[in-house]
Amino acid sequence: MSTVGQNVVLSPGTPSESLSSGTSHHGIPLNPCELEIDLFCKGMRIDPSCALEQDARFISRTRAGLGSGLEIVIPGSIKDVWVNVPVEEDFAQQSCYRLVLDSGQYVVVDERQGFRYPVRIPPEPAWYTRSTSRGTPMHKVGVLQGTYLGIYISNSCGFWYHSPALNCRFCATGLNVGVNEVAVKDVDDVVDVARAAKEESGVTFVHFNSGFQTDRDLDVAAPYVKAVKSRVGALVGLQLIPTLDTWKYDRLIDLGADHFSFCYEFQNPEFFAKLLPGKEKLVGQKTFFRALEYTSKKLGKGACSGEIIAGVEPVEDTLRAIDYITGLGAFPTVCIFRPTIGADMEHWPSPRYEDMLVVFRHLYEACRKNRIPIDVTPNIEVSLIVQPGDTRYLAPRNWRTRWYGMQMSVARQIARPYFWWKRRPKAITASEVLAP
Ligand code: SF4
């Protein structure tokens, strides 16, 4: 039973009061990762000079509402950084950042000091306006999130159908069912879209995501994994509610899964219980941990992710989460909390930049200490999170970080032929249908 309320105050305001690093950026322009973090925290206003209807990808309201922003790319010397910037929420309307179109160039203007950051707006791919061979609009099957293809297998999540509802409190998925996407995806539609995304947008990674499917989650995903792996050829990732039936992970690996990620969101068990009532009641935090531990061991360093939200639980808990995830050899996938319109937590404050800087500096160090391979897989830029690779901009300048950087650059070279081989369509003999 949850003990929330006895010794933890869970209310708007908690994140802002948790830590204050005192870091500021008076007088110095931000580097691309710092700007990314600040944009996630503050959002951005859109100047009337912008022509986003013709220049940008449409704003998608799927995937727990996190993808509801505007995709931009911040160019940089180490790497370009992809960000899905909040633009619709109330806090974004108060932002010091404004996107303007100036002589054909998009620029993010920081109105505090007048800094101007040139950015790119990734265009909408041509296939978004086409239909599959079955006549389904392709953008209703999958969308680009950064440079990878995200497919929500089914946008009905069992947690929303309980009475009272057991949905995760930050999530708005239940409000969007049937609005932007086809409710349950057809395997042939998914193959058509994955093929178009691979051929026309250079997609290397197809990521399947799903809400709670009443413990059939991994079984439901199996046919999609096999179809994309054998008929299209791509790296395939899955983000599903976990199970303690670990043999089901073995089966998905046999069918072609390369990656698993586990959204357990909060390390602090009281925040987990209070803000994720469905995951607490019907799954349990330990199930997430066991599944992450099992698959990380099975697939090796950097192949699996623990996904958490920063800016809600105390920062110390987020740092513990990063240590736990990287200690397993897994990839820390850290979203900055976004108070999405319509979610129960809509009126919670967006996190403070200073707190998030502490989190992501720690993330870089944790990856370095645990030798987590960052930015090694080809062309996977995730716009919804601050990627571990983006935190290279936050690295202190010393021989340790230089050494890690050199190791990663060698790993990138070595990995290239391996990932090319992994992305070829592959004959799969394992059956996607479970024996009765
Ligand atoms: S599992 Fe939670 S975050 Fe995911 S769709 Fe269901 S309620 Fe939303």
Side-chain angles (χ1 to χ4, degrees), residues 36 39-40 43-75 80-89 92 97-108 117-152 155 172-173 176 178-182 185 189-209 228 232 234 338 340-341 379-385 387:
E36 173 184 34
L39 286 170
F40 273 129
M44 179 174 74
R45 289 172 291 130
I46 309 286
D47 189 81
S49 59
C50 299
L52 297 176
E53 314 72 43
Q54 67 201 47
D55 293 340
R57 297 174 181 174
F58 76 98
I59 293 175
S60 167
R61 283 192 147 280
T62 52
R63 344 203 119 239
L66 283 175
S68 60
L70 177 71
E71 303 254 318
I72 68 167
V73 183
I74 307 168
D80 293 354
V81 169
W82 289 67
V83 200
N84 183 287
V85 186
V87 291
E88 294 195 326
E89 291 76 6
Y97 292 107
R98 192 163 51 95
L99 181 72
V100 299
L101 180 58
D102 187 358
S103 311
Q105 168 72 59
Y106 280 97
V107 180
V108 174
Y117 301 95
V119 296
R120 287 200 313 273
I121 307 286
E124 189 169 283
W127 56 265
Y128 267 29
T129 53
R130 296 208 306 269
S131 295
T132 65
S133 46
R134 293 176 66 254
T136 312
M138 286 193 171
H139 74 268
K140 292 200 167 199
V141 177
V143 290
L144 296 182
Q145 304 272 359
T147 59
Y148 74 89
L149 178 67
I151 296 180
Y152 214 70
N155 58 2
T173 294
N176 302 320
V179 177
N180 291 307
E181 295 211 340
V182 178
K185 305 289 161 23
D189 279 349
V190 166
V191 166
D192 283 355
V193 171
R195 195 173 283 135
K198 179 179 178 181
E199 288 169 3
E200 298 174 34
S201 302
V203 158
T204 57
F205 181 53
V206 179
H207 189 238
F208 292 103
N209 189 299
V228 168
V232 183
R338 182 177 303 194
T340 308
I341 294 172
N379 192 33
I380 305 182
E381 297 296 340
V382 185
S383 56
L384 298 175
I385 62 160
Q387 293 209 116

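For clarity, every value in this text was computed on a predicted model and none was experimentally measured.
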Do Trp127 and Ser201 meet the criterion of a side-chain donor-acceptor pair at a distance under 3.5 Å?
yes
Nearest heavy atoms of Asp192 and Ser133, plus distance in Å:
OD2-OG, 2.7 Å
I need the minimum non-hydrogen distance between Val203 and Phe205, along with the two atoms involved.
CG1-O, 3.4 Å
Is the backbone N or O of Val232 less than 3.5 Å from a side-chain atom of Lys198, with the two atoms forming a donor-acceptor pair by type?
yes
Go through the steps to decide whether Phe208 and Val206 satisfy the test side chain to side chain contact (heavy atoms under 4.5 Å, CB included), and finish with yes or no.
CA-CA 7 Å; Phe208 292 103; Val206 179; 3.9 Å; yes
For Gly104 and Leu101, the nearest pair of non-hydrogen atoms, with its separation, is C-CD1, 3.7 Å
When rounded to the nearest 0.5 Å, the distance separating CD of Glu71 from CD of Glu124 is 11.5 Å
Nearest heavy-atom pair of Ile341 and Glu88: which atoms, and what distance?
CD1-O, 3.5 Å
Measuring only between side-chain heavy atoms, which start at C-beta, is Thr147 closer than 4.5 Å to Trp82?
yes
Roughly how far, to the nearest 0.5 Å, is the CG atom of Leu39 from the CE atom of Met44?
6.5 Å
Would you compute the distance between atom NZ of Lys185 and atom NZ of Lys140 and round it to the nearest 0.5 angstrom?
10.5 Å
Restricting to side-chain contact (heavy atoms from CB on, under 4.5 Å), what partner residues turn up for Ser131, sequence neighbours left out?
none
Output all residues satisfying side-chain hydrogen bond (donor to acceptor under 3.5 Å, both in side chains) with Gln105, sequence neighbours left out; order by chain, then residue number.
none
Please name all residues satisfying ring-ring contact (aromatic ring centres under 6.0 Å, His included) with Phe40, sequence neighbours left out, ordered by chain then number.
none
Over 60° means perpendicular and under 30° means parallel, so tell me whether Tyr128 and His139 are parallel, tilted or perpendicular.
tilted
Using every non-hydrogen atom in the two residues, find where Ala92 and Gly43 come nearest and quote the distance to one decimal.
CB-CA, 4.0 Å
To the closest 0.5 Å, what do you measure between CG (Asp189) and OG1 (Thr136)?
3.5 Å
Donor-acceptor contact below 3.5 Å, side chain Glu36 vs main chain Val83
no
Any Leu99 side-chain heavy atom under 4.5 Å of Asp47 side chain
no
Can you tell me how far apart CG (Asp80) and CD (Glu381) are? Round to the nearest 0.5 Å.
8.0 Å
Determine whether a donor-acceptor pair (N or O, by modelled atom type, separation under 3.5 Å) exists between the side chain of Asn84 and the backbone of Ser383.
no
Rounded to the nearest 0.5 Å, how far apart are CD1 of Ile151 and CG of Asn209?
10.5 Å
Between Val119 and Pro75 the two heavy atoms that sit nearest each other are CA-CD, 4.1 Å
For side chain to side chain contact (heavy atoms under 4.5 Å, CB included), just list the numbers for Met138 and Thr132, CA-CA rounded to whole Å, side-chain angles, deciding distance to a tenth of an Å, and then say yes or no.
CA-CA 6 Å; Met138 286 193 171; Thr132 65; 4.0 Å; yes
